[in-house]
Amino acid sequence: MGLIPLLIAVPFLIGLALLLITRDCIRKPVVAAGVLAVMAGSVLLAALPSISPNLFQLPLLQGVVNRELANRAMLIVEGAISLYLIWVGLRSSQWQKWLIPLLVVGQAALLLPLELGGGHHPAVAQNLFCDKFSIIMALIIGIVGGLICLYALGYMREFHESHHPEMPDRRNRFFAILFIFLGAMYGVVFANNLFWLYFFWEITTLSSFWLIGYKGNDESRRNARRALVMNLAGGLGFAAAIYWQVRSGHPASLDAMIASGAAVALLPAALLAFAGITKSAQLPFSSWLLGAMVAPTPVSALLHSSTMVNAGVYLVLRMSPILRDTTAGLLVASVGALTFLATSLVAITASDAKKVLAYSTIANLGLIVLCGGIGTPAAVWAGVLLIVFHAIAKGLLFLCVGVIEHKLHSRDINDMSGLILKMPRLSIMLQIGMAGMFLAPFGMLISKWAVLKAVVDAQPLLSFFIVFGSAATLFFWVKWMGVLLEVTQPHANVERNIGRGEWVALYALAGLTFGTCMLFPLLSSFLIVPYVKAQYHLADFSVMGQGNVIIMIIMLALVSLFPLSFLHYGRHVKVVDPYLGGANTGQGNQFTGSAGAVHGMSMQNYYLSAMLPEAKLMLAGVVLAGLLLAGLLLGVALV
Amino acid sequence: MNSWGHVLIRVLIYLVAAPLLGGLLAGIDRRISARMQSRVGPPLLQPFYDVAKLWSKEPIVVRRSQNFYIIFFFLLTVFTGGLFFCGSDLLLVFFALTLSGIFFILGAYKASSPYSFVGASRELIQVMAYEPIVLLTAVGLYMATGTFQVDAIWGGAFHPLKALPGAHIPVLLLPGVFVALLYAMEIKFRKSPFDLAASHHAHQELVRGITTEFSGPTLAMIEVAHWYENVMLLGWIFLFFGSCWPAGLIACAVTYFLLLVVDNVCARVKWPVMLRSAWGMTLVFGFGNIVVLSLLK
């Protein structure tokens with residue numbers, strides 16, 4: 001059997017194979033087959049709940065994953081990665097020259113004695129585990145991540161052949177890293193042994209470093225190194241957590257930490273939450289994810305929706321039972337809340353579509369970190385739900401923007417005016433994704449409802465961040481939607497030459513955005529509620545009453561009727577030119593003013609950049625969040 | 001939980017009574033405003049005559065799909081009021097109302113005329129200005145009463161931990177939230193000084209912002225949707241008085257009169273003033289109140 005080790009190993013093997021394939025015609029079927037394999041594996045895992053609990057009793061599996069050989073192999077790979085990173089560090093400039101090697105050596109100094117000394121591995125009964133939360137994450141990695149890989153096939157061909165012919169074609173490396181990334185993500189969500197988790201965690205750091213720097217120009221190399229530094233800092237926190245856990249005589253495993261509770265495991269939990277905060281790009285570490293948008297769009301989509309940042313919030317949510325009702329938990333929650341507010345406000349001022357999406361990702365992750373820090377069962381329920389809805393909608397949004405950027409040669413929101421004529425299907429998908437991000441009755445709303453309720457129950461003062469942050473979220477999404485809708489002049493349709501893989505990914509994600517909202521009660525009762533019940537040992541748990549679920553579904557049904565109104569399109573109405581304050585010339589966007597002069601018109605959105613200066617707000621956020629985290633780490637150091 | 005028959009009767013009463021009440025309120029509004037400006041003013045039923053007249057006009061549009069958004073704005077506004085008066089979850093009511101407001105804004109964006117575009121943008125700023133205090137109202141009422149259910153709040157529920165004298169009248173625990181909400185009501189009722197998106201005073205603007213490109217039956221629908229909405233907004237005020245309904249009714253009347261007075265003595269302000277002051281009020285009075293309440297445990 002051994003489905004879980006297979007899920008981890010197969011993407012790695014496919015990745016290594018892709019490294020050798022340089023012909024696009026061979027790469028295509030291999031990638032497609034690989035995507036099908038991870039999707040099928042994830043779905044199979046979810047569909048066979050009866051086998052998961054006793055999965056580890058199977059002798060074959062025990063033999064594979066618990067052998068000392070696996071540990072040795074990981075140690076060797078880890079060593080190689082460390083040496084490589086030191087080499088990267090030494091080649092970079094200025095302060096990174098010593099910081100990167102220092103971080104790597106620091107991690108090694110903490111962990112190497114433990115690994116070589118032995119004695120810790122026997123204490124961990126199971127290196128891998130699988131519960132409902134892991135299954136949810138596996139579904140996201142497999143389905144959303146897989147779709148993004150499919151999309152990347154067509155996107156990267158166009159990227160190299162039409163848009164960047166000057167760049168060396170290193171697509172074999174690109175796809176290899178994508179699959180290795182997916183494999184490492186499976187490793188992260190299934191690892192119970194902290195050493196194993198750390199191993200996969202470092203591979204995600206390394207993969208993201210390579211992917212961000214893929215273009216190879218100065219800017220992408222600089223941003224890749226920044227991402228590396230910040231994630232290595234998180235890795236140092238991770239290593240310190242393992243060190244403390246082992247040195248104090250406890251097994252270095254997640255289940256042992258959670259079972260021992262806050263009295264014993266609070267310190268390593270706080271350190272792991274710190275690692276999660278860096279990986280999920282919370283303030284003060286947000287700049288690495290913003291910098292990551294220099295990479296080709298599939299990379300952004302992958303980092304923002306199904307991998308990287310999800311590993312961070314996954315770990316924070318795993319720590320929630322320990323963080324609940326502690327000062328450390330409150331600090332973590334405050335970092336998340338502050339990040340949500342600051343980045344939502346700043347997103348108003350951005351006109352670069354990818355930047356808006358990036359800020360909104362960081363904001364939503366902030367909400368999830370907030371849930372994790374609060375750590376009550378209702379908060380964890382909301383947090384898991386947020387991960388699911390965010391991954392799907394954000395994946396869709398990035399993929400849409402990627403195609404639009406290729407066709408319009410711009411990703412500025414102002415250039416998307418009239419998109420409904422230029423790219424009708426893309427425009428509608430983009431709007432579905434946005435609706436999924438913030439509108440009632442779509443997914444995010446259910447989560448936001450639950451978050452607000454959980455926060456008021458546990459920490460009412462944190463509601464401050466949520467109410468102002470939500471208002472800002474609303475503003476930047478709706479004004480973007482408005483630009484997509486308005487049409488001031490005729491445009492030619494440019495929705496051509498979009499690959500089949502791209503369409504499959506777009507349609508599937510748009511369908512999923514809608515489908516998960518419709519099926520959310522099932523998702524909740526089959527996966528999330530059982531997880532929360534098991535984690536908190538609750539006999540009975542429900543967040544949302546049945547009446548509210550019914551109301552949400554009625555609303556969803558009502559909104560789904562909206563497309564039907566287009567059956568009535570253009571009937572029984574008289575169409576005229578807009579009022580322009582003069583005599584219309586018949587062009588629709590021109591008028592004759594005084595003295596017979598013909599004037600045009602243009603419409604621009606509000607960006608409120610005078611009221612919300614981006615640099616100042618982010619600086620304030622970084623300083624405040626930095627202080628909160630310094631408090632967290634200082635507390636750790638003092639104990 | 002109510003039985004379905006009970007809910008149905010309440011929905012029916014609401015569907016019929018709310019627009020009548022809202023229309024009458026609009027008539028009274030115009031009469032009183034006229035008196036304040038030393039005019040006689042139109043007949044009390046003028047709003048109904050207006051809507052009937054609009055209904056008979058030819059539908060004229062700039063973009064063929066613009067009216068669909070308004071139809072859904074109307075449906076969702078009615079739906080939201082229905083949720084509220086059936087006593088369901090207050091947070092859901094607020095979220096649903098936001099959704100209906102967004103349909104209105106998107107309709108104006110769709111119309112693609114510069115005036116409706118500016119109107120839509122301003123309406124959006126207005127939404128951003130009042131959204132925090134609206135959500136804080138739900139938070140505050142939940143802290144005071146222990147529930148988000150409108151029915152339970154009307155029934156005089158109170159939080160066991162905050163069982164101070166008069167705890168069954170939420171406004172006694174939430175004076176700051178109430179004051180900040182009143183400020184936001186000025187925006188929600190589209191009154192001066194915050195009628196930025198579209199003013200009903202001819203002296204405020206030459207071209208009507210958000211509704212510039214809507215005419216005939218669609219404009220009538222927008223008008224009736226506002227009647228529904230206004231009745232529900234007064235319901236929010238009423239909610240602060242829990243089971244003490246005479247006080248609630250008086251509060252609604254006083255509030256409405258107060259809104260009219262402010263409307264008639266203030267000129268329109270610029271959007272930064274509105275946004276800053278509304279958020280400031282929310283922060284100082286609204287959030288300050290929440291802080292105090294959380295210390296009362």
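Chain A is the first sequence line, chain B the second, and so forth, proteins listed ahead of strands; every chain is numbered from 1. Values below: every heavy atom of this structure, side chains too, minus hydrogens, waters and symmetry copies.
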Taking every non-hydrogen atom, the tightest pair across [X] and [Y]:
X	Y	answer
A:N605	B:Y109	OD1-OH, 3.2 Å
B:L124	A:K479	CD2-N, 3.6 Å
A:F475	B:S121	CE1-O, 4.4 Å
A:I348	B:M128	CD1-SD, 3.8 Å
A:G482	B:L106	N-CD2, 4.1 Å
B:S112	A:E486	OG-CA, 3.4 Å

How about [X] and [Y]: do any of their side-chain heavy atoms sit closer than 4.5 Å?
X	Y	result
B:V291	A:L461	yes
B:F72	A:V559	no
A:V478	B:V127	no
B:I71	A:S565	no
A:I420	B:K110	yes
B:F148	A:N548	no

Checklist entry - When rounded to the nearest 0.5 angstrom, what distance separates CZ in A:F464 from CD1 in B:I290? => result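 A:F464 CZ to B:I290 CD1: 12.0 Å, rounded to 0.5 Å.
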Please flag which part of [X] lies under 4.5 Å from any non-hydrogen atom of chain A: side chain, backbone, both or neither.
X	answer
B:Y69	both
B:F94	neither
B:V61	both
B:S88	side chain
B:W271	side chain
B:L83	side chain
B:I125	both
B:F79	side chain

If you draw a 6.0 Å radius around [atom1] in [X], do more than 12 non-hydrogen atoms from other residues or ligands fall strictly inside?
X	atom1	answer
B:R268	CZ	yes
A:Q546	CD	no
B:F285	CZ	no

So what's closer than 4.5 Å to chain B heavy atoms on [X]: side chain, backbone, both or neither?
X	answer
A:L484	neither
A:Q459	neither
A:M481	both

Checklist entry - Using the ring of each side chain (for Trp, its six-membered ring), is B:F68 parallel, tilted or perpendicular to A:F566, with breaks at 30° and 60°? => result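 It falls in the perpendicular class, over 60°.
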Next on the checklist: Would A:V467 and B:E131 count as a side-chain contact (heavy atoms from CB on, under 4.5 Å) here? Give the steps.
Outcome noted: CA-CA 7 Å; A:V467 298; B:E131 186 78 2; over 6 Å; no
Item to check | Which of B:L283, B:N67, B:V118 touches chain A most, by non-hydrogen pairs under 4.5 Å | outcome: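 Of the candidates given, the most pairs with chain A belong to B:L283.
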Next on the checklist: At a heavy-atom distance under 4.5 Å, which candidate from B:R122, B:R64, B:Q66, B:E58 has the highest pair count against chain A?
Outcome noted: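 The candidate making the most pairs under 4.5 Å is B:R64.
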Checklist entry - Are A:W449 and B:F95 close enough that their ring centers fall under 6.0 Å? => result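 Centroid separation for A:W449 and B:F95: 6.0 Å or greater.
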Item to check | side-chain contact (heavy atoms from CB on, under 4.5 Å) between A:I466 and B:L135, intermediate numbers included | outcome: CA-CA 9 Å; A:I466 300 182; B:L135 287 178; 5.8 Å; no
Next on the checklist: Please evaluate residues A:D457 and B:Y142 with respect to the criterion side-chain contact (heavy atoms from CB on, under 4.5 Å), reporting the C-alpha separation (whole Å), side-chain torsions for both, the decisive distance (0.1 Å), and the verdict.
Outcome noted: CA-CA 9 Å; A:D457 276 329; B:Y142 181 77; 2.7 Å; yes
Next on the checklist: Applying a heavy-atom distance below 4.5 Å, give me the residues of residues 574-582 of chain A that approach chain B, sorted by number.
Outcome noted: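 Within residues 574-582 of chain A, near chain B: A:K574, A:V575, A:V576, A:D577, A:P578, A:Y579, A:L580, A:G581.
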Checklist entry - Of all of A:I554, A:T473, A:I551, A:V455, which one pairs up most often with chain B through heavy atoms under 4.5 Å apart? => result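 Looking at each of A:I554, A:T473, A:I551, A:V455 in turn, A:I551 comes out on top.
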